[in-house]
Amino acid sequence: MAFEERNTWTYLVISLIVMLIFGTRIYDATVAGLFDGPDGLRTWARTVLTYIPIAIVMVIIGVIMLNILYGIATGGDDLTMKEDERDRHIGLRGMRVTGAVFSTGWIIAVILLALGSSALQALNLMLIAAWFSDVAGNLVKLFFYRRGY
């Protein structure tokens, strides 16, 4: 399995774990009314900003741990971190999908705001769109790694 493909699987698994934890906490806080009132959006933003560095650190640790375990399991064979033209093309395809999915979510959130939804609902939709766009882009990358570019 190529280095980039292993990393993509790691991103997907960690993204799912982080979003399950984070999504549950955001949902529980929303139901409990913690984001209501004049400081609600500020509280929401602080909550989101708390999880961003946690997610980044989890991804870094996950990638390092996966590559260490892979190296142990394979005896150190094929641990090259070289990126070739195919990796760049696959990465660009994934980024296009990520951008398209996120943009679509953002536009839907703006439309919902125009139709009378709350700012909190729009922000939650944008957060979900950001997560889903990352997952969609990584799934596209995996598809092209498996299919062969």
- Task: For Phe143 and Arg93, run side-chain contact (heavy atoms from CB on, under 4.5 Å): C-alpha distance rounded to whole Å, both residues' side-chain angles, the deciding distance at 0.1 Å, then the answer.
- Result: CA-CA 11 Å; Phe143 171 77; Arg93 285 183 177 202; over 6 Å; no

- Salt-bridged, Glu5 to Arg146, with N to O below 4.0 Å? yes

- Query: Under a 4.5 Å cut-off applied to non-hydrogen side-chain atoms, are Val135 and Tyr11 in contact?
  - Reply: no

- Query: Between the main-chain N or O of Leu113 and the side-chain N or O of Ser117, is there a donor-acceptor pair closer than 3.5 Å?
  - Reply: no

- Any link between Leu20 and Ile17 through a network of hydrophobic side chains (Ile, Leu, Val, Met, Phe, Trp, Tyr) touching at under 4.5 Å? yes

- Message: Can you give me the closest heavy-atom contact between Ala119 and Leu41, atom names plus distance?
- Response: CB-CD1, 3.9 Å

- Just how far is it from atom OG1 of Thr8 to atom CG of Asp87, taken to the nearest 0.5 Å? 9.0 Å

- Message: Could you measure the distance from the CG atom of Leu12 to the CG atom of Asn138? Nearest 0.5 Å is fine.
- Response: 4.5 Å

- Task: Report the distance from atom OH of Tyr51 to atom CD1 of Ile56, rounding to the nearest 0.5 Å.
- Result: 15.0 Å

- Message: A side-chain contact here means heavy atoms from C-beta on lying under 4.5 Å apart; do Arg6 and Trp9 qualify?
- Response: no

- Item | Distance in Å, Asp134 CG paired with Met19 CE, rounded so as to fall on 0.5 Å steps | 10.5 Å

- Could you tell me whether the side chains of Tyr27 and Asn124 share a donor-acceptor contact shorter than 3.5 Å? no

- If Ile, Leu, Val, Met, Phe, Trp and Tyr residues are connected whenever their side-chain heavy atoms lie under 4.5 Å apart, and connections chain through other members, are Val59 and Ile52 in the same group? yes

- Task: Treat each ILVMFWY residue as a node, draw an edge where side-chain heavy atoms are under 4.5 Å apart, and state whether Val97 and Leu139 are in one component.
- Result: yes

- Mind checking the CZ-OG1 spacing from Phe132 to Thr98? Nearest 0.5 Å is all I need. 10.5 Å

- Taking all non-hydrogen atoms of both residues, which atom of Asn67 and which atom of Val63 are closest, and how far apart? ND2-O, 2.9 Å

- Message: Would a single hydrophobic cluster contain both Trp106 and Leu123, if residues Ile, Leu, Val, Met, Phe, Trp and Tyr are joined by side-chain heavy-atom contacts under 4.5 Å?
- Response: no

- For the atom pair CD1 (Ile61) and CD1 (Ile14), what is the distance rounded to the nearest 0.5 Å? 8.5 Å

- ILVMFWY network linking Phe102 to Val48, side-chain heavy atoms under 4.5 angstrom: no

- Do you know which two heavy atoms are closest between Gly105 and Ala129, and how far apart they sit? CA-CB, 3.7 Å

- Task: Check Ala109 against Ala122 and note the closest heavy-atom contact, atom names and distance.
- Result: CB-O, 3.7 Å

- Task: Heavy atoms only: give me the nearest Leu127-Phe22 pair and the separation to one decimal.
- Result: CD2-CE2, 3.1 Å

- Task: Determine whether His89 and Phe144 make a side-chain contact, defined as any pair of heavy atoms from C-beta on separated by less than 4.5 Å.
- Result: no

- Query: Just by modelled atom types, is the Ala130 backbone N or O under 3.5 Å from a matching donor or acceptor in the Ser133 side chain?
  - Reply: yes

- Message: Which heavy atom of Met58 sits nearest to which heavy atom of Val18, and what is that distance?
- Response: SD-CG2, 3.5 Å

- Item | More than 12 heavy atoms from other groups under 6.0 Å of CZ on Arg88 | yes

- Task: Keeping to residues at least two apart or across chains, list the salt bridge (Lys or Arg N to Asp or Glu O under 4.0 Å) pairs with something in residues 41-50.
- Result: Asp39-Arg42

